[in-house]
Structures are given as structure tokens and as C-alpha cells.
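Ligands are counted one by one from 1 in listed order, and the atoms in each one are counted from 1 as well.
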Amino acid sequence: MAIKRVSSTITEHLLNEQRLNPEATGAFTFLLNELIVAAKVINREVNRAGLVDILGATGDVNVQDEQVQKLDLFANRAIIERMQHIGQLCCMVSEEDANLIDIPVKYPKGDYILLFDPLDGSSNIDVNVSIGTIFSIHRRQNKEDNVDYLLSDVLQPGYKQVAAGYFVYGSSTIMVYTSGNGVNGFTLDPGVGEFLLSHENIRIPEYGSIYSVNEANEAYWNKETKALIAYFKSIDRKAGRPYTSRYVGSLVADFHRNLLKGGIYMYPSDLKEPKKPNGKLRLLVEANPLAMIAEQAGGYASDGFRSILNINPDAIHQRTPLFIGSKKDVELAEQFISRK
Ligand code: FDP
């Protein structure tokens with residue numbers, strides 16, 4: 001009987017990418033491998049969530065004024081503790097921490113900056129809906145020897161990301177990753193304990209048939225946003241409309257579905273109290289990494305006026321409206337939103 005070769009592991013994939021770059025030292029591969037270990041730890045806890053005392057809120061609110069869930073906190077600590085001692089990072093940014101996370105003096109430092117949302121979709125934790133971890137990696141730009149990093153190293157525009165990805169803890173656990181050479185997906189084989197290549201060279205369809213938005217906010221949208229959603233719902237059979245609506249309320253899960261099937265995810269600005277002139281999502285830890293993946297898969301991400309990847313950030317927890325997914329759908333959204 002012929003034995004089917006097991007798909008390549010994420011480690012093999014990273015080593016292959018490393019070999020293609022003659023200047024690579026292995027530091028980056030090491031960094032990603034450690035992040036994968038942290039994600040496996042989070043995955044284990046997510047899977048045991050109903051069995052151990054880890055469901056529910058901690059009683060605290062985070063920098064975004066949102067309820068902190070126990071699993072949010074666990075995931076945040078799992079990543080910080082795993083990553084701070086590896087010697088490849090000069091600092092980190094987490095959605096859960098108001099300030100930049102310095103590397104303790106007792107550990108060596110490196111040239112990379114890790115930005116992450118430890119557990120996206122917190123409101124879905126207690127109800128077994130998919131949640132995820134999103135990450136982005138930048139390289140330190142300043143060459144000064146006497147500083148670990150400058151704020152400008154952290155506030156780089158998205159097009160300078162050296163890698164980005166996410167883990168979805170869903171019906172299976174998947175890691176989707178890009179370092180600028182296309183997008184690949186790796187599914188965790190729980191028996192082997194490894195992420196195996198399952199979605200090679202992911203390409204998002206040019207047009208989709210899905211729109212994903214929290215439509216309950218419609219009364220608070222501006223007229224341009226209302227007109228855009230009305231367009232996706234209008235009838236034109238030849239053009240494939242009306243689109244279908246899908247929204248679970250975990251950005252990472254909604255994005256992942258649309259990446260594979262084609263479609264557009266939207267979190268526009270709205271005037272619901274507290275007013276969100278810049279939408280709800282964070283530029284550095286949510287929009288930028290997903291925008292890099294979308295573009296690497298042939299899609300596009302916009303704030304309604306310009307490419308997400310071209311925004312020059314001025315604060316680590318800056319928010320941005322987000323329209324992301326199939327290229328033609330997002331370009332259309334831009335036309336509607338920027339209409340005067
Ligand atoms: P959550 O607040 O549950 O963490 O990142 C924020 C986020 O989830 C996204 O994952 C999700 O798409 C969005 O907020 C949902 O917001 P609404 O409840 O306002 O639709």
C-alpha cells in the first residue's frame with residue numbers, strides 16, 4: 001500500500017522561505033516558531049474552556065474600555081511570556097495593554113517588533129463561536145546602538161510589515177500566514193501536534209457574493225455607508241446580487257471565511273454612543289495584518305478613502321474604518337464611501 005506523504009509542516013515551510021533569502025540568519029524563523037508554540041497553548045486552553053474556570057469576564061476593562069475576558073488575559077500572558085525571552089524582539093504591542101511592552105532587561109533584544117491581538121472576537125468566547133489571534137511583525141528601522149527602539153519603529157505603515165498572520169480557533173485550528181510571498185494556510189493536526197499545509201497559495205476571488213457587517217448599526221451610519229450596503233442587497237441577477245449576508249462578530253473568523261469564499265468585511269465609522277468616527281477596529285493589531293494578507297492573496301483593504309497599508313499611524317491603539325476582502329468589492333466600497 002502506498003503511503004501518502006504527510007503535507008509539509010509550517011516549520012518546513014518557514015525553513016524553505018529562510019533558504020530563499022541568503023541573508024536570513026534564522027532569527028525570524030525562530031521567532032515565528034515560538035509564536036506558534038504560544039498559539040498552541042492558547043488553542044489548548046480554548047478547547048478546554050468549558051472544563052476549567054476560564055470562561056467569563058475578569059471584571060476589568062481594557063484600554064479600549066471593553067470587558068476583559070479571562071481567556072483574553074490568558075492569551076495575552078501566554079504570548080508575552082513566551083516571546084519576551086527569545087532574544088529576537090525589541091518590544092511588543094498588544095491590544096490588551098495600554099502601553100508598549102518592553103523586553104525585561106535580563107533578556108537579550110533583537111530587531112523585530114511583534115504587534116498582536118491575543119484573542120480577537122472576545123464576545124464569542126463563552127458561546128463556542130470561532131475566535132482567533134492576529135499578529136503583525138515589523139523590523140526596527142533605527143540603527144542607534146543606545147536605544148532598544150524608537151516610537152517610530154512601532155508606528156510604521158502597514159506596507160512595511162515583514163510578516164503577518166492569524167490563528168483561528170474554530171471547527172479546526174488554522175494558521176494563515178504571509179511574509180510577502182503569497183498566503184498559505186496550515187491546519188493543526190491535533191494527533192501530530194503540528195500545523196500542516198492545508199491551503200496552499202490562497203487567492204481570494206476578485207468579486208465575492210458575501211457581505212459581512214453589523215447591520216444593527218445601520219441607523220448610525222452615514223448616507224454613503226447606507227447606500228453601499230443597500231447596493232449589496234439590491235437585485236441584479238446577472239451581477240450576482242443580492243449578495244448574501246454572513247457576520248459572526250469575530251473579525252478573524254469573518255475575514256477567514258471571506259478570504260476563502262470571496263466577499264467583503266466592513267466595520268465603517270458610526271455615530272452610535274460612544275461615537276466611532278474611526279470605526280471600532282485597531283489599525284496596528286487588526287487592520288494592518290489582515291490587509292497584508294488580503295493584498296498578498298489578491299484582495300484589497302481600505303478605510304474607505306485609501307489603502308489601509310498606506311496609513312501612517314500616530315498612536316498605537318489608533319482605530320480605523322475597515323473595508324476588506326475581494327478586490328473589486330472593496331474598490332466599489334471606496335467609490336461609495338468617498339463620494340461627495
Ligand atoms: P470583539 O469586540 O468581540 O473582540 O475586535 C473587535 C471585535 O470583536 C471584532 O472581532 C468583531 O468583528 C467586532 O469587534 C464586532 O463588533 P460588533 O459587536 O460591534 O459587531
Side-chain angles (χ1 to χ4, degrees), residues 42 46 49 54-58 60-76 79 93-98 115-136 164-170 174 176 210-222 225 229 245-259 263-291 293-294 301-303 308 316-325 330 333:
I42 298 169
V46 167
I54 201 154
L55 288 179
T58 59
D60 294 331
V61 289
N62 68 9
V63 55
Q64 325 282 347
D65 245 358
E66 296 158 347
Q67 285 284 336
V68 176
Q69 305 292 315
K70 289 183 196 165
L71 258 179
D72 274 332
L73 212 62
F74 175 87
N76 198 36
I79 296 178
V93 173
S94 165
E95 193 216 282
E96 294 299 331
D97 287 85
L115 307 98
F116 60 95
D117 179 353
L119 212 52
D120 173 66
S122 320
S123 56
N124 282 322
I125 292 176
D126 289 358
V127 290
N128 279 58
V129 174
S130 299
I131 46 183
T133 299
I134 309 176
F135 65 91
S136 152
Y166 58 81
F167 299 86
V168 184
Y169 313 109
I174 188 167
V176 173
I210 298 172
Y211 75 94
S212 309
V213 69
N214 187 342
E215 218 157 348
N217 292 333
E218 179 170 11
Y220 304 102
W221 292 338
N222 62 20
T225 306
I229 313 301
S245 163
R246 292 283 183 281
Y247 187 78
V248 297
S250 282
L251 167 65
V252 75
D254 281 311
F255 173 80
H256 183 65
R257 179 200 51 244
N258 294 359
L259 177 71
I264 179 168
Y265 173 96
M266 298 167 274
Y267 210 111
S269 57
D270 69 52
L271 296 176
K272 188 175 168 184
E273 289 299 335
K275 292 192 176 65
K276 299 191 279 301
N278 292 317
K280 179 179 182 190
L281 304 174
R282 297 77 173 173
L283 176 63
L284 298 189
V285 297
E286 294 179 310
N288 269 345
L290 298 187
I293 289 171
S302 169
D303 69 352
I308 289 287
I316 60 172
H317 291 294
Q318 178 172 340
R319 294 175 194 257
T320 178
L322 180 64
F323 302 84
I324 188 166
V330 178

Worksheet item: Would S136 and N288 satisfy side chain to side chain donor-acceptor pair (under 3.5 Å), going step by step from the backbone distance to the final call?
Response: CA-CA 7 Å; S136 152; N288 269 345; over 6 Å; no
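Taking a cut-off of under 4.0 Å to the non-hydrogen atoms of Y267, the atoms of ligand 1 that pass are 16 (O), 17 (P), 19 (O), 20 (O). Here is the list of ligand 1 atoms found below 4.0 Å of a heavy atom in S250: 10 (O), 12 (O). Shown in contact with L251 at under 4.0 Å from a heavy atom are these atoms of ligand 1, numbered in order with element: 9 (C), 10 (O), 11 (C), 12 (O). In the vicinity of Y265, heavy-atom distances shorter than 4.0 Å reach the ligand 1 atoms 11 (C), 12 (O).
Distances from atom 13 (C) of ligand 1 to the heavy atoms of K276, K280, E286, K272 show the closest one on K280. Evaluated by nearest non-hydrogen atom to atom 11 (C) of ligand 1, the leading choice among G249, S122, A216 is G249.
Within the 4.0 Å heavy-atom criterion, the part of N214 lying near ligand 1 is the side chain and not the backbone. Contacts between S123 and ligand 1, counted as non-hydrogen atom pairs separated by less than 4.0 Å, involve both the backbone and the side chain.
Counting heavy-atom neighbours within 6.0 Å of N214 CG, excluding the residue itself, gives a total above 12. For Y247, the OH atom counts as densely surrounded, since its 6.0 Å shell holds more than 12 non-hydrogen atoms of other residues, nucleotides or ligands.
Annotation: Y247 places an N or O atom under 3.5 Å from an N or O atom of ligand 1; distance criterion only. Geometrically, ligand 1 and V252 share no nitrogen or oxygen pair separated by less than 3.5 Å. For the pair D120 and ligand 1, the shortest N or O to N or O distance falls below 3.5 Å. At least one N or O atom of G121 sits closer than 3.5 Å to an N or O atom of ligand 1.
A donor-acceptor pair under 3.5 Å links the side-chain atoms of D254 to the main chain of V248, judged by distance alone.
Ring geometry, F135 versus F167: the interplanar angle falls from 30° to 60°, so the pair is classed tilted.
The minimum heavy-atom distance linking I316 with A98 is given by the pair CD1-O, 3.5 Å.
For the pair S269 and N278, the minimum side-chain heavy-atom distance is 4.5 Å or more. For the pair I174/H256, a side-chain contact is recorded, criterion being any heavy-atom separation below 4.5 Å from C-beta on.
Contact between R282 and ligand 1 is present, with at least one heavy atom of the residue lying under 4.0 Å from the ligand.
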